[in-house]
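Data first, discussion second: the structure below is written as structure tokens.
Residue numbering restarts at 1 for every chain, and letters A, B, ... go by the order of the sequence lines.
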Protein chains: 2
Amino acid sequence: MARKQGSHSEITGPKVLDTALRLIARHGYAAVSMRQIAAEVGVQAGALYNYTADKQSLLFDLMQSHMTELQAALGAADLRGDPVARLDGFTRFHIRFHLPRSDQVFVSYMELRNLSPQNFATIEAMRREYEATLENVLRDGVGQGVFTVPDTRIATMAIIAMLTGLSNWYREGGRLGMAEIEDIYCNLVQKSVSR
Amino acid sequence: MARKQGSHSEITGPKVLDTALRLIARHGYAAVSMRQIAAEVGVQAGALYNYTADKQSLLFDLMQSHMTELQAALGAADLRGDPVARLDGFTRFHIRFHLPRSDQVFVSYMELRNLSPQNFATIEAMRREYEATLENVLRDGVGQGVFTVPDTRIATMAIIAMLTGLSNWYREGGRLGMAEIEDIYCNLVQKSVSR
DNA sequence: GTCTATAGCGGGATAGAC
DNA sequence: GTCTATCCCGCTATAGAC
């Protein structure tokens, strides 16, 4: 029997984060109020403060857990072989990880401005670590003569931007499935750094 | 002699838009208040409403004039020749137009959510028109057998994302000048669609 | 753990004097 | 065209009852 009042911590906790993620992705951090989040969760605004110190922490937690999951998944993926295989592996990994997480991607790339300076520094460092993975692949490929890249740093940023942009327009159930998308992007990426 | 009160329309009008652009680019539309804009302009909040119907119109005007200038500049640029030359031309045009306008780019791509549905539709239509320019180049190149692209629509989105991402990290006076950036991106773009 | 109530502040927008 | 003053509303966060 549903209760209107009482103890729901095991349900409410995750629900707060899920709801905040969805609302912030849709309307933006500054435009979403704690009251709005509470209403969707099904509690009063005050109750949210049992789960978060303040609104800023809510945003930071969302972005940090996204980056933590990303790093964990990247560690679990084995990107081995020659640079060509590793570049394909990275491209497919990036797409598989990010495509089913469009809200997280949106928040993580649009709300950086709204992090406190300290929180921003933390997230930024994690992001740079991820980018370094790709840059290492490119550098190794250039070193071995299988890639020709005018500037590995720029090529890294260009490829990441290309891949991340995908999340802005891809919609599940659209013209192309994820497997086809992967193939298409592997082709574009691979050629862009080819000799 | 500076006046604190009186008629300033010729100065204040543009100043409102300039200030709003800068503040919104930095902090986001929802996070910037009319009082804040007024303070930077040097007037009281009420005076802003001599220049804009409301806050939403301010955002829309900024985005619309950005897109109008983009279309005018694109019309003035002559992208002629074979598809390879036209693709280079488009790449250089995009970079030259967008790099010196980082605030406009930021606002135009980050604040789409905060447009009213009607305003969104207007801006979106202009954006699609711009994308169509690139897609036509790619399609012609594929038709003439000089490009090999798995899917022209996706390649268009991928290239636009790659180029637009540039505005997120490029800083004037950095390691590379605009001319070098142009060359590097032309190389990446051209190869990504090559045979 | 959630509720109600509220403190304290700042938001967009308008009215009317100058 | 700008000012001052204000309306009305919503915001974050806290306090204390249950």
Quiz item: Looking across every strand, which nucleic acid part, if any, lies under 4.0 Å from A:V32 by heavy atom: base, sugar-phosphate, or nothing?
Solution: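 Sugar-phosphate only.
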For atom [atom1] of [X] and atom [atom2] of [N], their distance in whole Å:
{"X": "B:Q36", "N": "C:dG12", "atom1": "CD", "atom2": "C1'", "value": "14 Å"}
{"X": "B:N114", "N": "C:dG12", "atom1": "CG", "atom2": "C1'", "value": "15 Å"}
{"X": "A:N50", "N": "C:dT2", "atom1": "CG", "atom2": "P", "value": "6 Å"}
{"X": "B:M34", "N": "D:dC8", "atom1": "CE", "atom2": "P", "value": "21 Å"}
{"X": "A:Q56", "N": "D:dC11", "atom1": "CD", "atom2": "P", "value": "18 Å"}
{"X": "B:Y29", "N": "C:dG11", "atom1": "OH", "atom2": "P", "value": "14 Å"}
{"X": "B:K15", "N": "D:dG1", "atom1": "NZ", "atom2": "P", "value": "16 Å"}
{"X": "A:L48", "N": "C:dT4", "atom1": "CG", "atom2": "C1'", "value": "15 Å"}

Quiz prompt | Donor/acceptor link under 3.5 angstrom from B:R35 side chain onto base of C:dG12 | solution =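 Present.
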Quiz item: Do any side-chain nitrogens or oxygens of B:Q44 fall under 4.0 Å of OP1 or OP2 in D:dT2?
Solution: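 So the side chain of B:Q44 is outside the cut-off, no N or O lying under 4.0 Å from OP1 or OP2 of D:dT2.
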Quiz item: Taking only N and O in the side chain of B:S33, is any of them less than 4.0 Å away from OP1 or OP2 of C:dG10?
Solution: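 False: B:S33 side-chain N/O out of range (4.0 Å or more) of C:dG10 OP1/OP2.
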Quiz item: Want to settle it: does A:A31 or A:A53 sit nearer the 5' end of DNA chain D, counting the closest nucleotide to each?
Solution: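 So the residue in question is A:A31.
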Selected nucleotide, minimal atom distance to [X] side chain, candidates [options]:
{"X": "A:Y49", "options": "C:dT2, D:dC3, D:dA13", "answer": "D:dA13"}
{"X": "A:A47", "options": "C:dG11, C:dG1, C:dC3", "answer": "C:dC3"}
{"X": "A:K55", "options": "D:dT2, D:dA13, C:dA13", "answer": "D:dA13"}
{"X": "A:V43", "options": "D:dT2, C:dC3, C:dG12", "answer": "C:dC3"}

